[in-house]
> 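The structure under discussion is supplied below as structure tokens; questions concerning it will follow.
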Amino acid sequence: MFGQVRYWALKELFIPLLRTYEAKRRGSRPRKGSLPLSSNRVLKGLIMSHYYLGRYAKGVLPVAWVTSGAPVELLRPFGFYTIYPENHSALCAAQKMGGGLCLVAEERGYSKDLCSYAKIDLGVFFSGRTPVGRLPKPDLLFASNNICGTVLYWYRVLSKEYSIPLIVFDTPFNYGPLRQEDLDYMLDQIEEIIEKLQRISKREFRMERLIKTMRLSKATCELWQEILNTMKQIPAPATIFDIFSHMLPIVSLRGLRSAHSYYQVLYWELLQRVRDKVSPLSEERIRLLWDNIAIWYKMRDLSELMMRHKANLVGATYTNAWAETIVHMDPTRPFESLAKAYSLVILNNNLYHRLELIRKLATEFKVNGVIMHSARSCKPYSLGQYDIKRILQERYNLPCLILEGDIADERYYSDEGNKTRIEAFLESLI
Amino acid sequence: MKRVFGGIDIGSLTTKVVLIDEKMSILSGQIIYTGYDGIHAAHEALERALSEARLKQEEIQGIVATGYGRHLLDFAHKAVTEITCHALGALYYYPNLRTLLDIGGQDSKAIGVDPGSRRVTNFRMNDKCAAGTGRFLEVMAERLRLDMERMIQLALDAKEALEISSLCTVFAETEVVSMVAQGKPIGEILRGLHMAVINRVYPMLRDVGIKPDVVMTGGVAKNKAIVRLLEERLKLKVFVPPDPQLTGALGAALIAMNTSD
Ligand code: SF4
């Protein structure tokens with residue numbers, strides 16, 4: 001009872017105050033020469049309150065830990081408080097805590113070669129160290145293998161350690177177009193998942209609630225798409241690093257009103273910049289596309305390096321992943337929509353799909369070249385990049401650079417070497 | 001008054017300076033060890049180059065810095081990567097250059113060049129691992145107590161190359177020591193070691209595309225065994241410019257000349 005009162009008081013009274021305060025506060029040190037978005041402050045309040053409220057959610061709401069590619073919309077009608085370990089790992093990495101937390105997991109015997117999102121999360125589990133104070137213990141784990149196989153093993157470890165159920169949404173890989181039998185298989189799973197969720201949350205499933213969530217989710221993804229579209233403007237109103245840092249709502253708060261409201265604020269600000277032709281660069285001489293997940297601990301350095309060379313990263317296959325499957329979302333047919341939208345994501349698709357996607361984005365965003373981050377962690381995203389690069393260069397005359405590094409473990413990044421690679425690449429484009 | 005331009009290449013091992021005049025004639029070139037202070041090395045090398053050419057620093061119209069310490073120099077007018085500089089320096093001697101291999105003390109690079117536009121079209125760089133760099137051969141020479149010249153000659157004279165299977169410098173060292181202990185012919189071991197370097201850089205070359213003219217620069221280009229074995233492997237003539245270590249600094253000087261107009 002006390003827990004419930006405390007949670008609702010925090011949610012309704014304290015959090016709005018915190019967010020107003022954060023929105024008014026002056027931001028931290030901006031990147032050199034950069035033009036920080038004023039929405040950043042609103043975002044900071046949103047992230048803080050999301051993790052802060054999470055601390056008190058345990059016992060009041062069922063808590064689920066979810067993979068970034070799981071159909072979270074299914075959880076929303078049951079009122080789960082959702083935490084995204086991948087997102088939290090990225091947050092740790094951005095605070096340069098990644099390497100240290102990975103080490104904790106490695107000392108426990110986990111392989112160095114594991115994805116660093118997983119290693120960081122296990123490191124947090126074993127050490128309790130996190131920049132957000134405390135993560136609420138999960139009652140349920142919800143994973144989908146549409147992004148990789150790693151998440152299954154990682155979540156199995158969590159399931160064993162916490163002694164809690166794990167629900168897996170299995171999405172067959174698309175070697176070609178989606179097959180009917182795969183669709184049927186996924187629809188069967190969704191029905192089973194709903195039954196399990198009713199049991200775990202002790203709440204009835206209500207279809208109209210799911211439809212409502214789907215509407216909100218679709219609207220948020222559409223808004224996200226519009227935000228990405230502003231970057232097609234020459235000069236672009238922001239940098240991809242700005243966009244990367246605004247991904248938390250679309251990943252972690254998808255299907256919730258707060259994500260949608262936040263993106264209205266961001267979209268409005270970007271629209272103003274487009275209208276006034278405001279650019280964070282003094283001059284935009286080179287436009288580039290990014291492939292693969294961000295390098296979270298290098299955002300500031302990379303952004304400054306790009307600016308110095310009057311180059312701007314304006315689009316990314318990564319940010320596009322949350323807009324790519326909107327076409328399959330029909331809120332009136334929620335089950336089918338979820339199956340399609342979640343199984344047709346970039347990482348569950350063949351390399352030809354990836355090649356065509358990069359070509360399409362390169363044309364739409366009018367870029368001069370592509371930077372492909374070959375991420376040690378993420379095999380499904382990095383596999384095939386050398387072939388894609390060769391085809392893009394030879395057949396389509398699109399210059400590409402492969403940058404070896406890692407998403408979250410700074411120990412795998414060669415600063416000098418990569419600086420030379422990037423500069424040499426930019427020199428070849430001018 | 002003569003117009004003079006300078007290129008300074010601050011590498012992790014050595015620092016190089018080249019001075020040219022407006023007719024692109026090379027006035028002087030210097031190589032010194034970088035040591036722990038790249039800025040000091042750059043000043044030192046520049047002074048030596050100036051005195052060799054009987055010039056004063058004020059007479060230099062433009063200086064471009066390159067190499068891993070390229071951002072250190074406040075008196076340079078511009079910093080350009082060694083990848084671009086090596087390509088331009090090699091084009092100076094070989095205008096039909098298409099594929100460039102640069103093996104230095106600490107890293108190696110394969111660079112694809114379009115001679116028409118004089119641009120770098122593609123490149124690969126290895127800076128993670130000593131195998132495939134000059135350091136690999138130095139470590140082995142030290143281990144076998146041979147001087148470099150002798151090592152190269154023995155490798156050239158051998159008819160066969162023993163296969164060194166380890167890709168890692170440390171493991172290869174152990175492998176070589178055990179080969180010596182087994183009484184395997186030293187020449188064949190050494191030829192094998194040179195092949196190991198080539199096997200390491202070959203995939204990078206293939207990735208950027210192997211097209212004539214193939215040119216090799218960097219300190220290791222002075223190693224005749226490497227050049228010969230590379231020619232055999234590629235079945236192509238491999239050109240080596242005079243003073244291959246100075247190619248980056250020369251390219252930097254050429255950029256200084258072109259940007260000062
Ligand atoms: S980064 Fe790649 S490997 Fe790691 S969890 Fe995400 S998709 Fe899986």
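In what follows, chains carry the letters A, B, and so on, assigned in the order in which the sequence lines appear, proteins first and then strands, with residues in each chain numbered from 1. Since the structure is predicted, the reported quantities are computational estimates derived from the model, not experimental observations.
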> Do other residues, nucleotides or ligands put more than 12 heavy atoms under 6.0 Å from A:Tyr153 OH?
no
> Given that the side chain runs from C-beta out, which part of B:Ser117 has a heavy atom under 4.5 Å from chain A: side chain, backbone, both or neither?
neither
> Considering non-hydrogen atoms only, spot the tightest contact between B:Phe123 and A:Phe425 and give its length.
CE2-N, 3.8 Å
> Output the distance between atom CD1 (A:Ile402) and atom CG (B:Asp207), rounded to the nearest 0.5 Å.
7.5 Å
> I'd like to know whether NZ of A:Lys379 has more than 12 heavy-atom contacts from other residues, nucleotides or ligands below 6.0 angstrom.
yes
> Could you point out which residue of B:Val120, B:Ile111, B:Thr121, B:Ile83 forms a side-chain contact (heavy atoms from CB on, under 4.5 Å) with A:Ser428?
B:Val120
> Are there residues of residues 350-360 of chain A whose heavy atoms fall under 4.5 Å of chain B's heavy atoms? If so, which?
none
> Quick check on B:Ala87 against chain A: is it the side chain, the backbone, both or neither that has a heavy atom closer than 4.5 Å?
neither
> For the atom pair NZ (B:Lys109) and CZ (A:Arg421), what is the distance rounded to the nearest 0.5 Å?
9.5 Å
> Output the distance between atom NE2 (B:His71) and atom CD (A:Glu423), rounded to the nearest 0.5 Å.
3.5 Å
> Any chance NZ of A:Lys232 has more than 12 other-residue heavy atoms, nucleotides or ligands included, within less than 6.0 Å?
yes
> With the side chain counted from C-beta on, respond yes when B:Val80 and A:Glu427 share a heavy-atom pair under 4.5 Å apart, and no when they do not.
yes
> With chain B as the partner chain, list the residues of residues 389-398 of chain A whose heavy atoms fall under 4.5 Å from it, by residue number, and write 'none' if nothing qualifies.
A:Lys389, A:Gln393
> Check whether A:Ile422 gets within reach of chain B through its side chain, its backbone, both or neither, counting any heavy atom under 4.5 Å.
neither
> For a quick test of reading the model, state the closest non-hydrogen atom pair linking A:Thr420 to B:Thr81 and the distance between them.
O-CG2, 3.6 Å
> Let me confirm one number: the CD-CE distance from A:Glu404 to B:Met125, rounded to the nearest 0.5 Å.
11.0 Å
